Amino acid sequence: MSRKSPGPTADSDTDNSGETGGDTSRRRGRRALSAVRRWIVTAPGTYSWLAVLFVTTVLLHRTTPAFEDGTSGGVSGGPSWDPVRPLVSGVLWIDGGHWLPYAVLFTVFHATAEHWLGTLRWLAVAVLAHVLAVLLGEGVLGWAVRYGDASQSAGNTLEVGVSYALAGVVAVLTYRVPHPWRYVYAFAVLVFYGVPLAADGRTVTDLGHVTAVLTGLACYRLTRGAPSPGKRKAPSPKKREAPSPEETERPAAQ
């Protein structure tokens, strides 16, 4: 008669469960860190840009005390309206001088769009939105000063930043949202950026944001071929299996 092997004691159960729980927590932590690292590495444009903005924001806080309370107003320009300066400087600083909120916005919108579209197409949308918004804002500002609707000093401070490119990318993500929520998302984006332009206190910046949103919506062709979360790839057809030896040896029916 065989003897039964003794079962595990209560102490051994406790020790094993503790070791298993610790290993599981460590594995989950490593997986989370790996997912974060993969998210950042696969969006090189977004996080390289964010790193540059961090450096410029720190420098602006050190050299311009007004950035501490967000009252700097914008990037200083010259007496003439030169669009090249805001086109370049506008992507190197953050509106209000607060980096952390933009780090969240870049992660949610820019990184998502870069993963979806690829770096080149994401960059094309961001650049188009920024360039068109700045050029239109410069044109409207120059026209207003020329015809007396704005003071001459209005051309000395141009309130532009990375928000134009962000608005364009937020808008192009409309085509990533599955139906019917796509229309709800597009409506919310238009309302969010359109209400300030329709209000009494509208500014050139408000016009630039709406221009960037319309530019992002006009970039539909750049989204063609990008994977949609609402669609799954069709399964590839299975190859026909080779006949078994019995089937090849079986004589054909007369």
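Please read these numbers as outputs of a predicted model, since none were measured by experiment. For the numbers below, each heavy atom of this structure counts, side chains included, while hydrogens, waters and symmetry mates do not.
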Classify the ring geometry of W49 against F106: parallel below 30°, tilted from 30° to 60°, perpendicular beyond 60°. perpendicular
Near F54 CZ, under 6.0 Å, is it more than 12 heavy atoms from other residues, nucleotides or ligands? no
Under 6.0 Å from the CZ atom of R31, do we count more than 12 heavy atoms belonging to anything else shown? yes
Which atom of [X] lies closest to which atom of [Y], heavy atoms considered:
X    : Y    : result
L222 : A124 : CD1-CB, 4.1 Å
V177 : R182 : O-NE, 3.0 Å
R224 : R121 : O-NH1, 3.0 Å
P196 : V191 : CD-O, 4.4 Å
A167 : A212 : CB-CB, 3.9 Å
A165 : A126 : CB-O, 3.6 Å

If we only count heavy atoms from C-beta on, is the [X] to [Y] side-chain gap below 4.5 Å?
X    : Y    : result
R28  : T24  : yes
V213 : F192 : no
L166 : Y102 : yes
V189 : L217 : no

Measure the spacing between [atom1] of [X] and [atom2] of [Y] and express it to the nearest 0.5 Å.
X    : Y    : atom1 : atom2 : result
L214 : H209 : CG    : NE2   : 13.0 Å
R37  : T42  : CZ    : OG1   : 11.5 Å
T57  : L100 : OG1   : CG    : 11.0 Å
L50  : I94  : CG    : CD1   : 7.0 Å

Check: L92 main-chain N/O paired with T56 side-chain donor or acceptor under 3.5 Å: yes
Look only at the side chain of S34 and the backbone of R30, and say whether a donor-acceptor pair between them is shorter than 3.5 Å. no
Look at the side-chain heavy atoms of Ile, Leu, Val, Met, Phe, Trp and Tyr, link any pair under 4.5 Å apart, and say whether [X] and [Y] land in one connected group.
X    : Y    : answer
L190 : F187 : no
W99  : V104 : yes
W39  : V36  : yes
L123 : L132 : no
Y220 : V125 : yes

Determine, stepwise, if the pair T223 / W116 fulfils side-chain contact (heavy atoms from CB on, under 4.5 Å). CA-CA 9 Å; T223 69; W116 175 48; 3.6 Å; yes
Within the 6.0 Å centroid threshold, strictly below: W122 and H115: no
Decide side-chain contact (heavy atoms from CB on, under 4.5 Å) for Y193 and T211; before the verdict, give the C-alpha distance in whole Å, the side-chain angles of both, and the deciding distance to 0.1 Å. CA-CA 10 Å; Y193 286 104; T211 303; over 6 Å; no
Before giving the answer on side-chain contact (heavy atoms from CB on, under 4.5 Å), spell out for Y164 and V131 the whole-Å C-alpha distance, their side-chain angles and the decisive distance to 0.1 Å. CA-CA 9 Å; Y164 289 165; V131 169; over 6 Å; no
Verify whether one side chain among Y47 and T107 offers a donor that lies under 3.5 Å from an acceptor in the other. yes
Stepwise side-chain contact (heavy atoms from CB on, under 4.5 Å) test for T112 and L173: CA-CA 8 Å; T112 300; L173 283 172; 4.2 Å; yes
